[in-house]
Each structure stands twice: as C-alpha cells, then as structure tokens.
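Note that the structure is a prediction, hence the values are computed from the model and not measured. In what follows, every chain begins at residue 1, and chains take the letters A, B, ... in the order their sequences are listed.
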Amino acid sequence: MKKIGRDFYLREDVVNISKELIGKFLVTRFNGKLTSGMIIETEAYNGSMDKASHAYNFRRTARNEVMYGVGGASYVYLCYGIHHLFNIVTNKKDVPHAVLIRAILPKDGVETMLKRRKLKTITKKVSDGPGTLSQALGIKTNHSGTPLNSELIWVEDRNINFKKSEIEAGPRIGVDYAGKDALLPYRFRLTEQTVNKIRNEWYS
DNA sequence: CGTACGATCTGCT
DNA sequence: GCAGATCGTACGA
C-alpha cells in the first residue's frame, strides 16, 4: 500500500518501467472521492527517436511541454476530441519519455466510477481502455502536469506480482502512422486468463 | 486564419 | 464489423 516515489519514474528504460507498472494501482482523490484500479495494460513511448511519440524529433509544443519536465508527473491530452488519455512522464528533465495507461481493473470507489461512466454494473466497459479509465478515475486534460507525489493522482505498490508468462508484449494500438516504430513490442497487458481470474476474485 | 486529423468509444447493423 | 461523434492541436498559408 505504498505510494511510489520519484526514483521509480526517474529511470532511463521507459519500456521496462511500462512493464513494471502492470499490477500497480493508479489512484485519484478528487473532491474527497477516492477511486483506484489495478493497471493491466500500458504502452511505452520512447522519446524523440520514437515516431509514435508526441515528442518525436523533439517536437515540443504547449500540449506536450510536460513530457520534457522531470519524471513523475502526469501528461493528459485530448484524443479524437472526446477522450482524455492519461500518461506518466518518466526519465530526467528534457528526455521526453512517457507511459500511456491503457486499462485498469476497478478496485476502490467503484460506485463513484460507475457514476462517472454512467453505468450500472461492473463490466469490462468501466475502464478497459485509455479513454474510459480516465473517465472512471475523473482525470481530464486540466490534470496534465500534476505531480504523482501529490494528493490528487498517484501510483501505489500493493505487492501484487505476476509471473513473466502472465504479461504479454505486442505492438502498440492506433499508431499505424509510425512506420517501423508501429511494430515495436512496447505494449504490455496481463493475459486475459489472469485478468478474468482477478475479476472473479474481486467482483464475485 | 483554415484545414486535416488523431496513442478512441459507442451504438447500430 | 463499421461508421459517426467531436474538438483541440499542429502546421502550413
């Protein structure tokens, strides 16, 4: 049940960090409402050399400025005019690494999350996608730049560990424009079998 | 300024 | 399985 400290985010290997974030808990507390979920899917965006990244070729704009800041902060941007996608900035200042959180399993504050999602029951639909999980946790673009050692958004290690074989790697989603980089195995996800097992344990 | 488009989701077929 | 939603952002004129 420990909030992850800055050192975790300051490391250089964003692909490895991306993998290690599987099984950690993403937590928000807005207006006194605490909500959380276990991270089950992530994608790494590997800096200025990664054609799929917003920071490719050191592209630097008002939107992605926070990617150039020190690791351990959020980067939230609007996608398709509708979806607020949540990323974690890693590495030192001026190295624009980030991890996109793509899916979580709801844990704390389920009622609040269902309300935000306008749903009645816990199903995959609650937070099984980058846009939906942000909505469930109440994260919006105005939270971009929020430090993850704050009292608003943070990541916890609750000592849940998985075997190597339970984490699958594959190409990232929706980045066909990135040419060769679209094929890199920078996406990590718990196997469906493991996810289903946890669903049964938590929601039965 | 004008325009094209996206690290997606939903509902309908 | 597929098209439509929907708008901030990037980039060129």
- Message: Assess whether a salt bridge exists between A:Lys19 and A:Asp13, defined as any Lys/Arg side-chain N lying under 4.0 Å from an Asp/Glu carboxylate O.
- Response: no
- Task: Find out whether the Lys NZ or Arg CZ of A:Arg172 is both under 6.0 angstrom from the six-membered ring centre of A:Tyr186 and within 45° of the ring's axis.
- Result: no
- Message: Under 3.5 Å, is there a donor on one side chain and an acceptor on the other for A:Arg117 and A:Gln135?
- Response: yes
- Message: Can you confirm whether the side chains of A:Asn64 and A:His54 place a donor and an acceptor under 3.5 Å from each other?
- Response: no
- Message: Please give me every residue in residues 175-182 of chain A whose heavy atoms get under 4.0 Å of an atom in DNA chain C, ordered by residue number.
- Response: none
- Item | Length of the CD1-P vector between A:Ile173 and B:dA7, whole Å | 13 Å
- Does B:dC1 have a Watson-Crick or wobble mate here (both distances under 3.5 Å), and if so which one? C:dG12
- Query: Listed in order of residue number, which residues of residues 124-147 of chain A have a non-hydrogen atom at under 4.0 Å from DNA chain C?
  - Reply: none
- What one should report as the nearest heavy-atom pair of A:Phe188 and A:Ser18 is CD1-OG, 3.6 Å
- Task: Give A:Leu100 one of three labels, base, sugar-phosphate or nothing, depending on what nucleic acid heavy atoms sit under 4.0 Å from its own.
- Result: base
- Do other residues, nucleotides or ligands put more than 12 heavy atoms under 6.0 Å from A:Phe58 CZ? no
- Please state how far atom NZ in A:Lys51 lies from atom P in B:dA7, giving the value in whole angstrom units. 14 Å
- Name the nucleic acid region contacted by A:Arg117, choosing base, sugar-phosphate or nothing; use a 4.0 angstrom heavy-atom cut-off, strictly under. sugar-phosphate
- Query: C:dG4 pairs with which nucleotide, Watson-Crick or G-U wobble, both distances below 3.5 Å?
  - Reply: B:dC9
- Message: With a 6.0 Å cut-off (strictly less than), is the heavy-atom count around CD of A:Glu12, excluding the residue itself, greater than 12?
- Response: no
- Is it true that atom CD of A:Glu201 has more than 12 heavy atoms of other residues, nucleotides or ligands lying nearer than 6.0 Å? yes
- Expressed in angstrom and rounded to an integer, what is the separation of A:Arg102 atom CZ from B:dC9 atom C1'? 12 Å
- Query: What pair of heavy atoms forms the shortest contact from A:Val66 to A:Ser144, and how long is it?
  - Reply: CG1-OG, 3.7 Å
- Please name the residue in the list A:Arg116, A:Lys107, A:Arg29, A:Glu111 that meets the side chain to side chain donor-acceptor pair (under 3.5 Å) test with A:Thr35. A:Arg116
- Rounded to whole angstrom units, what separation is found between the CD atom of A:Glu41 and the C1' atom of B:dA7? 11 Å
- Message: Between A:Lys197 and A:Glu166 (salt bridge meaning N to carboxylate O under 4.0 Å), is one present in this structure?
- Response: no
- Task: If a protein heavy atom is under 4.0 Å from the base, mark B; if only from the sugar-phosphate, S; if neither, -; do that for nucleotides 2-13 of chain C going 5' to 3'.
- Result: ---BBBSSSS--
